[in-house]
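Read the structure below first, then the notes.
This structure is a prediction, so every number in the text was calculated from the model and none was measured. Values reported hereafter were calculated over all heavy atoms of this structure, with side chains retained and with hydrogens, waters and symmetry mates removed. Numbered from 1 within each chain, the chains take letters A, B, ... in sequence-line order.
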Number of protein chains: 2
Amino acid sequence: MSVTIKDIAKLAGVSHTTVSRALNNSPLIQEETKARIRIIAEQLDYTPNYSAKSLVLDRSYNLGLFFTTLSNGTSAGFFYEAIRGVNSVIRDRYQLIVKGIDDYTSFHSITKKSFDGIIIVSQSDDDQPIIEHIAAKGIPLVVLNRPVETAGVLNVLSDEEQGAFHAGTFLVQQGHQRIALIEGRKGFKSAQNRKDGFERAMDHHGISVPPEYRMPGLYDLESGHKAMRQFLSLTDRPTAVFCCNDEMALGAIKAVFEAGLQVPQDISVVGFDDTVFAAYVTPALTTVRRPIEQISKEGAMRLLGNIENKWHETEQLLLRTELIVRESVQSLHT
Amino acid sequence: MSVTIKDIAKLAGVSHTTVSRALNNSPLIQEETKARIRIIAEQLDYTPNYSAKSLVLDRSYNLGLFFTTLSNGTSAGFFYEAIRGVNSVIRDRYQLIVKGIDDYTSFHSITKKSFDGIIIVSQSDDDQPIIEHIAAKGIPLVVLNRPVETAGVLNVLSDEEQGAFHAGTFLVQQGHQRIALIEGRKGFKSAQNRKDGFERAMDHHGISVPPEYRMPGLYDLESGHKAMRQFLSLTDRPTAVFCCNDEMALGAIKAVFEAGLQVPQDISVVGFDDTVFAAYVTPALTTVRRPIEQISKEGAMRLLGNIENKWHETEQLLLRTELIVRESVQSLHT
DNA sequence: CACATCTATGCACACGTTAACAATAGTCTT
DNA sequence: AAGACTATTGTTAACGTGTGCATAGATGTG
């Protein structure tokens, strides 16, 4: 039905071996012959059968891009930027297969034959089993966004603990003492890191955060909203709230306005991630920027290097986060 | 290196054909034999080589999910919901390959062998060539989000013109007369539809929209911001602005606040899409909801039906949009 | 000129799987 | 009891491509 190298061979009056070599630009074939074969291939609109190639070359031309989950807790902006970053690096060379790890009932089908390499955007320690599985199968792997110790696994992430530390410190420097925290989704590593960084900042500046100034969150708008309402109901309410991501910050700000109060005049809010809308909400959100697209690009480049040079570099790459000061924090200094 | 059916055959003392049949649960094989072979396969941790299967079965187990572009103009929320919807339908049965159409330099590699089916989330008439190409190759195809006439192509979309008509009508009903428009990205079909619906509403209610009440936009925050600044500089500024998506609406609202004015007291704003944050901005955004996840699920289901039953249903499915009234529109009736 | 060397091409097989056809043994029918 | 039929398994080829080895002609070499 579709055109094969044998069809080309027949028309060119050569063996299919010669066609194969010609199309792969083997030095064994005369330039003249190559040219002739290429023209015929072109005319017949020949496309190689990748299944056949894969079978004999033992390469799948597939890269996996796995997220902890596609259903919940992964923010859209994050997801988008990650895919975009990876895609911009791999372009034509591989097909990008997107999956949620929680969609797998068994890792059985993840083999060296079906993936030339895998990128995991990991948000949770629960991803460890799949990481071990992939590493054990000897598939080139890079894990983004979460520190991983597994041998032979590349690792690219940003220093979120440090970012949160800066954000916390900034609040203190602006004169805040009563500072509350809305935590990230339980089980997500980033949630832990951000909380840790925040608390280190508080400790470092001798500020204590009482239990009623801590609320759990789910990284979504609604949980930020709910948490802030809780804070507002306190008799001694905080003057500033550190939210573990921008979406929760947005929900929190909403709650403040609904209570008839102002951000930042009555209460200051800090987010994390610097999502696209952070600059455009009112007030513009002070937040911590995390170079997601750079992380995914860097990760993809390292993965390709690893696949193609068969060269394992286990070093961890830690990219810097950056505090972006906008308008959502009030200085309490007279 | 890796386990094949021949290895299993050797251990089971049968031919590899029997193993193949057993693992595919062929009725030709005795239950007892099947059981024995399955156990051995399990023990050896056998995984079929999909390249080999593909080669002989002439199926790739791949579904393509193509977007007009991954780089620009596709909003993150939209992208996320589309992938999520499709993914939830296909689950284990296929691998989902995500691509931007503008990444293709040639459609040459898109063949029946490499994709069992394709879903295009199309935003622009410029996608027509690839649609024709895929249809010509006889690959099952469903186009989402944009009307398509090409024969044999399934089509699922929402009635955006109607949604925009409702939004425009709503503004008029609230007593607005001076109504401005921030358009969507040029070349995007949705931009045209939304504009058309809006204008039909204006015509229908006998309201004219002068040229200075029309600004181009790019579907992003910044262009909405810029357009609104333009409107605010008019001596006779509009009382309401219809923005062709929520992101531009958010940018527009920002511009209003920056000018020291209030939404909706001084100026009303309507968006389109009902993105996750629409309910959480201040004021909560009145907008048109578009069932993206439903569209993508419906599209994926139809595609699978088409692939598996080889059954072409060319009918177009038009899903309803819905006006979500929140707080960003002021009623001008006393 | 006989022999070695090099160049361009072909032959045959391999990759792992499925499927058409063949073969064998057992069961049923009349 | 012979022929037909059934149930189960095996033999062999096929899918499309790449590669080790053989081959044939050309060229060089002493």
Presence of salt bridge, A:Arg36 and A:Glu32, under 4.0 angstrom: no

What is the minimum heavy-atom distance between B:Ser190 and B:Glu160, and which atoms define it? CB-OE1, 3.3 Å

Side-chain ion pair, B:Asp125 and B:Arg146, N-O less than 4.0 Å: yes

Should A:Lys53 be listed as having a side-chain N or O under 4.0 Å from OP1 or OP2 of D:dG18? yes

How long is the line joining NZ of B:Lys6 and P of D:dG10, in whole Å? 14 Å

Minimum heavy-atom separation for A:Ser109 and B:Thr47, please, with both atom names. CA-CG2, 4.0 Å

What does the inter-axis angle of the helix from C:dC1-D:dG30 to C:dT30-D:dA1 come out as, five pairs per end, nearest 10 degrees? 50°

Heavy-atom contacts under 4.0 Å between residues 30-42 of chain B and DNA chain D, which residues? B:Gln30, B:Thr33

Using a cut-off of under 3.5 Å, enumerate the N/O to N/O pairs linking the protein to nucleotides 20-22 of chain D.
residue : atom : partner : partner atom : Å
D:dG20  : O6   : A:Arg21 : NH2          : 2.8

Would B:Ile295 and B:Val121 satisfy side-chain contact (heavy atoms from CB on, under 4.5 Å), going step by step from the backbone distance to the final call? CA-CA 10 Å; B:Ile295 289 178; B:Val121 184; over 6 Å; no

From CG of A:Leu55 across to C1' of C:dA14 the rounded distance in Å is 9 Å

Starting from the C-alpha separation in whole Å, work towards a yes-or-no answer on salt bridge (Lys or Arg N to Asp or Glu O under 4.0 Å) for B:Glu308 and B:Arg93. CA-CA 11 Å; B:Glu308 283 158 17; B:Arg93 308 155 74 187; 2.8 Å; yes

Salt bridge or not for B:Lys189 and B:Asp127, using N-O below 4.0 Å? no

Does a side-chain N or O of A:Asn49 approach OP1 or OP2 of D:dC15 to a distance below 4.0 Å, or not? no

A:Tyr104 ring center near A:Phe66 ring center (under 6.0 Å): yes

Contact class for B:Tyr46 vs. all strands (heavy atom < 4.0 Å): base, sugar-phosphate, or nothing? sugar-phosphate

Residues B:Lys53 and B:Asp58 bridged, charged N to O under 4.0 Å: no

Euclidean distance, atom CG of residue A:Asp58 to atom P of D:dG18 [Å, nearest integer]: 14 Å

Sugar-phosphate only, base, or nothing, as touched by B:Ser15 at under 4.0 Å among non-hydrogen atoms: base

If the cut-off is 4.0 Å, is A:Ser20 near the phosphate of D:dG18, judged by side-chain N/O to OP1 or OP2? yes

Taking atom types as they are modelled, is there a donor-acceptor pair under 3.5 Å from the base of D:dT9 to the side chain of B:His16? no

Find out whether B:Leu96 and A:Lys99 are in side-chain contact, i.e. whether some heavy atom of one side chain is under 4.5 Å from a heavy atom of the other. no

Tell me the closest heavy-atom pair linking B:Asn155 and B:Val142, and the distance in Å. N-CG2, 4.5 Å

d(OH, B:Tyr61; C1', C:dG16) in whole Å: 13 Å

When the ring centroid of B:Tyr61 is compared with that of B:Tyr94, is the distance short of 6.0 Å? no

Whole-Å distance separating the CZ atom of A:Arg59 from the C1' atom of D:dT19: 17 Å

Roughly how many Å is it from CG in A:Leu23 to P in C:dT9, rounded to a whole number? 13 Å

From CG of A:Leu44 across to C1' of D:dG16 the rounded distance in Å is 15 Å

Quick one: A:Lys112 NZ to C:dG16 C1', roughly how many Å, whole number? 18 Å

For A:Leu57, which contact category applies under a 4.0 Å heavy-atom criterion: base, sugar-phosphate, or nothing? sugar-phosphate

